[in-house]
Each structure stands twice: as C-alpha cells, then as structure tokens.
Amino acid sequence: MKHFSKGLFVGAVIGALTIAAPLSQAATPQDQLVVGTSLAQVLSLDPQQATEGKAVEIMSNLYDRLVASTADGKILPQLAESWKVDDKGITFTLRKANFASGNPVTSKDVVYSLARLLKMDQAAAANLKRVGYDKDNVEKLVKAVDDQTVRIDLSEQVTAELLLYRLTTTTTSVVDSVEVESHAVDNDYGNAWMRTHSAGSGPFTLNRWSPNELVILDANKDYMTGAPKMRRVIVRHVPESQVERLMLERGDIDIASALTASDLATFQDKKGFAIQRIPTGGFYVLSMNAGNKYLSNPKVREAIAYGIDYKGIEKTIMGPYGRARNVPVPENFEYAIPNPDWHLDVEKSKQLLSEAGFKDGFSLSLKTIAQTPRIDLATAIQASLAQIGIKIDIQQGNGSEIIAAHRARDFDLLIPQTSAYMPNVLGSMEQFSSNPDNSKEANNAGNFVWRSAWDIPELTALTAKASMEPDAKKRGEIYVQMQKMFVEQKPAVLPLFERFEPIVLSTKVEGYVGHPSQLTRLENVTKVETQ
C-alpha cells in the first residue's frame, strides 16, 4: 500500500462545511462495504456498452471474463480454467460455473457475449475492432467446440499474447445468453434491460442502481469459488469532497474515492485510515477537435502545448491525482521515451500562434465533467492559456452530456481521462495512436482519436505493426518509434498528467487492492471489528 508525502498536497484552503451530525464514530455494518465516490459517469451497467471507470469497477464484480489480470499485469484464469495457444489461435477450456440465474456457463455464452459486443458495435467494441474483429467475422473467428471448450482464432492483426490482455477487460464479460435474450426488444440484444440489471456469473449481483444516487450489489452466495465475504456492497454518489471526507471520518462510509487533494491530505498518517495511490497507466488529456479551424493547425496545437503550466498545476491542483507527462506512456514503463520539452513558455506560444496566422489570439470552449480534479484542472488551463491570447469558456456538464459531446465531435477542447488495458506501451498508447478511418461517415465514436478528428495514417500503421510483432525486442523498438512520431505530429490528444486513483480506506477494511484498470474485485474483502 503506497503512501505519498505531505508535500504533494498544496492547494487553496476550502471553507469549513457545517454539518449538523456530530463527528461521532458511527459504523457501517460489519458484513457490508460502503464506498463513497462520484457516479457521474455511470451511464449504463451493460458490460458490452459501458466503458467509464466507475462503471467498470462495478461491472467487474457482476461479471467474469475468460481470463483476468492482476495489478502487475499477470494473466490469470477466471471462467477459463486453462488455455492452449498455437500459431493460429487460442483454445480455452471452461471451468464448471453457473450464472446467478442458475443457468450453466457454457461455450455458447462466450460466443454469444463476444458476438453481442461486436454486433452492438458501440464504444466498448473498439478494443477488439482495432485488431480486426468485427460484427461480420466474429462468428467465424469465435466458435464453441463443445459445451466447455471455446476456440478464438487470431484475426491476423494481433498476437495471442496481446489478445489475452484484451480479453481481460469488462467489455469481454461473459453474459447469460438465455437471460439476456429473454429481455431482448426490437433486436437490441437485451441492452435496454441490461443497462440497469445484471446477468453475470460474478461474485455479486445488481440489486439496485439509482443514477447519481447509489448502486447496491448483493453477494452471489453460489459463486464458483465460494460466497463473497461481504453480504452487500453499497456505492454512494458523494461528489462533494468535504462531505465525503466527513462521512469517512464519521464511519458512514468505508472507502472514499472522490476526494480533493486538500481533503486527502487530512488523512495522511491519520490513525485508523490508509491511503492507496493506484497507478492507472492512463492520463488526463486535453482533447482538441482537429476539425476546428484553429486546432487543425499543428502550430496552434504546439502553442497550446507550450501554453500550459504543467508543473504548477501538478503542484497546486493535481497532487496525488497526476504527474506531469506529455507522452501517453507512463515514464516507468519499459521503452518509455523522455518527455518532450513542453513547458509553460508564453513567448514561444505567442510566436507559434503568430506563425499560424493568429497573432491576436481567438476564443474556444472547454467542456469537462463536473468532477474532481477535472473542474480545477479546467480552470487552471483557462488561466494558463489566457496568457498566450486564447480565451477559454468553460462548459461543465454531467457524464452523459460531456461523453455524448466527445463521441459526437461536438467540442473545441475537452478533458477526458484514459487508462491502460495492459502494463506496456501498447496498452497505454494504442488509443492515442490508432485511427483507421477518420471520415465523419465512419462514425467510429469508440475510437479515442477519431473523436478529435485527428488523421494519423502513418502512426496508425505503425501501431498495427506493433500489435503483430511477436519478437519482444523488435516490438520495443516499434514502441519507441510510435512515441517519437506522436510527439512530432503535435497531437490533438495531448496527455497532460499521468493519472493516478488516490483512495482513502478505513483500516477496518482488509483485502482491498485497487486495480490499475479499475477491475478491482471485492469477493475477498473483509472488515475487522476493531483497530
């Protein structure tokens, strides 16, 4: 469990919040885990649709995949008890398991789930579509050999090793085909029902989801490896940091995961609490719409890259949430290149804007979800870019509004966040470096780069080459080329800060280990009586 120094926390002092309830130590039930967080981005709990971080964390406990990954990137069996790799594909042998409905998990459910993912063809399908799987070929490449055996052929655009990592994501969760199909309406693959219900084999089932209020998960007593230790998990929507801090101090919640840096600082070395700072392999990003007349110019994008005070923002706002980094690969990953020399340089930025034909500056809007730390980050970017003559109008919104605008290319600037699906350059960078068809007609809203209308055919081809290179050393050489090319093209998807997920736990909670991809499983979490 990592702790971080008090020096990371520098920020404005926020006025005290008056709370009627006294700071007496209440206690959550011993057999229930209560989490305080922001549910603003939870728009659906259908694993073949939802990709947002908090939704992923919830769904990872409702569903199983063929394989899982540990926090350090090791592939482990989940529904597959074993698998064999050959030069043309992977054959999985399933373990005996049942869905929460009581229906057995079979190879037909695996085929159905992967076909459902690609035939629904939403943003969640991007990770498999990027390497050659699609709605037209999925049933040729994914087959049920018998009830307990599944064969997935390689698409000729990915190695078996990298395919296994893709199969660890929640989007490839195995759903109960019988249950889902019983709720299908107008060929929607049961999506309308699945958004607010669960049909998995995971350690928990969905009891209730009230958007922007709470999610209740009940233990699956018949889970294949035994009933979870917690009878129930309650995830509460507490977007106000000071309220969440006081709830944790009073014992109203066991875990807080939406605290500002200043509120996090109050728990540093505080008896009864522990802090985890979970590296995600992802980034807070400034997405620029390259379809905009200003942002289509690489010199303007470079001016913006030199117009942001990364170190100052890291120190005063990001704290435990982020580390300044402008290459979409964490600096401690193998083959990561050094950061480019992008730093706040007002004169250089103004010169670049002048060379681009905009010496008098211009105005842009910046859209962001109203969530820690993105609101403060947006305000800091607004102040920083004002120094170089770019006037920013900040537009806050809820998750559904901002995510919809991003996917529709309806923005000038926007602050999204990413994560990595495997702990290497490709797992972190691929979403920044691949855009096979930039045309508006492609409507590839699941592609992160497409959303910014940034056309990068050479970088896309190089990324595809890395996906197919079986030799680790040669693949590493391609990784270096990818990062250099990304920087040279003055990206329209500009990484700002390597992203961390800081959380505070009551030390009554044991066995909670945050996963970098937010695939944190809860079946082995327990709570002790006293400390």
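Atom set for the values below is all heavy atoms of this structure, side chains included, hydrogens, waters and symmetry mates excluded. Small disclaimer: the values here were computed from a predicted structure and weren't measured. Counting from 1, the numbers follow the sequence of the chain as shown.
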Next on the checklist: We want to know whether Asn103 and Glu179 form a side-chain donor-acceptor pair, criterion being a heavy-atom distance below 3.5 angstrom.
Outcome noted: no
Next on the checklist: Check Lys367 with Asp412, please: is the shortest side-chain N to carboxylate O separation under 4.0 Å?
Outcome noted: no
Checklist outcome for this item: Sorted by chain and residue number, the ring pair (Phe, Tyr, Trp, His ring centres under 6.0 Å) partners of His237 (sequence neighbours excluded) come out as none
Item to check | Donor-acceptor side-chain pairing of Asp64 and Ser201 below 3.5 angstrom | outcome: yes
Item to check | Verdict with supporting geometry, Gln371 and Ser38, side-chain hydrogen bond (donor to acceptor under 3.5 Å, both in side chains) | outcome: CA-CA 7 Å; Gln371 189 178 62; Ser38 170; 3.0 Å; yes
Checklist entry - If only atom types and distance count, is the side chain of Arg451 paired as donor or acceptor with the main-chain N or O of Ala445 below 3.5 Å? => result yes
Item to check | CG-CD distance between Asp46 and Gln122, expressed to the nearest 0.5 angstrom | outcome: 7.5 Å
Item to check | OH-OG1 distance between Tyr421 and Thr169, expressed to the nearest 0.5 angstrom | outcome: 9.5 Å
Item to check | Evaluation steps, side-chain hydrogen bond (donor to acceptor under 3.5 Å, both in side chains), between Thr91 and Arg151 | outcome: CA-CA 4 Å; Thr91 302; Arg151 171 72 180 182; 3.0 Å; yes
Checklist entry - Atom CE in Met485, atom OG1 in Thr463: separation rounded to 0.5 Å? => result 8.5 Å
Next on the checklist: Is it true that, when you exclude Asn187 itself, more than 12 heavy atoms of the residues, nucleotides or ligands shown sit nearer than 6.0 Å to its CG?
Outcome noted: no
Checklist entry - According to the interplanar angle, ranging from 0 to 90°, do the rings of Trp193 and His183 count as parallel (below 30°), tilted (30 to 60°) or perpendicular (above 60°)? => result parallel
Checklist entry - For residues Asp176 and Ser101, is any side-chain donor paired with an opposing acceptor at under 3.5 Å? => result yes
Item to check | Over-ring placement of Arg409 relative to Trp450, 6.0 Å and 45° cut-offs | outcome: yes
Checklist entry - Considering residues at least two apart in sequence or located in another chain, which fulfil the salt bridge (charged side-chain N to carboxylate O under 4.0 Å, His left out) criterion with Glu523? => result Arg521
Next on the checklist: Tell me whether Asp109 contacts the main-chain N or O of Ser177 through its side chain, where contact means a donor paired with an acceptor under 3.5 Å.
Outcome noted: yes
Next on the checklist: Let's go through Asn289 and Tyr294 carefully: what are the C-alpha distance in whole Å and the side-chain angles of both, what is the deciding distance for side-chain hydrogen bond (donor to acceptor under 3.5 Å, both in side chains) to 0.1 Å, and is it a yes or a no?
Outcome noted: CA-CA 9 Å; Asn289 191 336; Tyr294 305 117; over 6 Å; no
Checklist entry - Which value, rounded to the nearest 0.5 Å, describes the distance between Ser173 atom OG and Arg65 atom CZ? => result 5.0 Å
Checklist entry - Ignoring hydrogens and geometry, is there a side-chain-to-backbone donor-acceptor pair from Thr172 to Leu167 under 3.5 Å? => result yes
Checklist entry - If every non-hydrogen atom of Pro47 is compared with every non-hydrogen atom of Ala124, which pair is closest and at what distance? => result O-CB, 4.4 Å
Item to check | Lys/Arg-Asp/Glu bridge criterion (N-O < 4.0 Å) met for Asp153, Lys140 | outcome: no
Item to check | Donor + acceptor pair across side chains of Tyr112, Glu181 (<3.5 Å) | outcome: yes
Checklist entry - Is there a donor-acceptor pair under 3.5 Å between the side chain of Tyr63 and the backbone N or O of Ala199? => result yes
Next on the checklist: Using 30° and 60° as the class boundaries, would you call the ring planes of Phe432 and Phe283 parallel, tilted or perpendicular?
Outcome noted: perpendicular
Next on the checklist: Between Glu401 and Asn398 (side chain of the first, backbone of the second, donor and acceptor by atom type, cut-off under 3.5 Å), is there such a pair?
Outcome noted: yes
Checklist outcome for this item: In this structure, CH2 of Trp454 is separated from OG of Ser433 (nearest 0.5 Å) by 8.5 Å
Checklist outcome for this item: Scanning both residues in full, the closest heavy-atom pair of Tyr335 with Val480 reads O-CG2, 3.8 Å
Item to check | Qualifying residues under side-chain contact (heavy atoms from CB on, under 4.5 Å), relative to Gln481, sequence neighbours excluded | outcome: Leu462, Ile478
Checklist entry - Ala71: what forms a side-chain contact (heavy atoms from CB on, under 4.5 Å) with it, not counting sequence neighbours? => result Pro516
Next on the checklist: Salt bridge check, Arg407 against Glu52: does any charged N sit closer than 4.0 Å to a carboxylate O?
Outcome noted: yes
Item to check | Ionic contact status for Glu161 with Arg475, cut-off 4.0 Å | outcome: yes
Checklist entry - Counting only N and O atoms by type, is there a donor-acceptor contact under 3.5 Å from the side chain of Glu244 to the main-chain atoms of Ser257? => result yes
Checklist entry - For Val235, does its backbone N or O pair with a side-chain atom of Thr37 as donor and acceptor, under 3.5 Å? => result no
Checklist outcome for this item: With sequence neighbours left out, the residues meeting salt bridge (charged side-chain N to carboxylate O under 4.0 Å, His left out) with Arg232 are Asp218
Checklist entry - For Val329, does its backbone N or O pair with a side-chain atom of Glu498 as donor and acceptor, under 3.5 Å? => result no
Next on the checklist: Arg166: which residues meet the salt bridge (charged side-chain N to carboxylate O under 4.0 Å, His left out) condition with it, sequence neighbours left out?
Outcome noted: Glu430
Item to check | Residue pair Asn191, Gln49: steps toward the side-chain hydrogen bond (donor to acceptor under 3.5 Å, both in side chains) verdict | outcome: CA-CA 8 Å; Asn191 174 244; Gln49 179 181 47; 3.1 Å; yes
Next on the checklist: Whether the side chain of Arg301 engages the backbone of Lys490 through a donor-acceptor N/O pair (distance < 3.5 Å, no angle test) should be reported.
Outcome noted: yes
Item to check | From CE (Met429) to CG (Leu459), nearest 0.5 Å | outcome: 5.5 Å
Checklist entry - So, does Gln276 use its side chain to make a donor-acceptor pair with the main chain of Gly514 at under 3.5 Å? => result yes
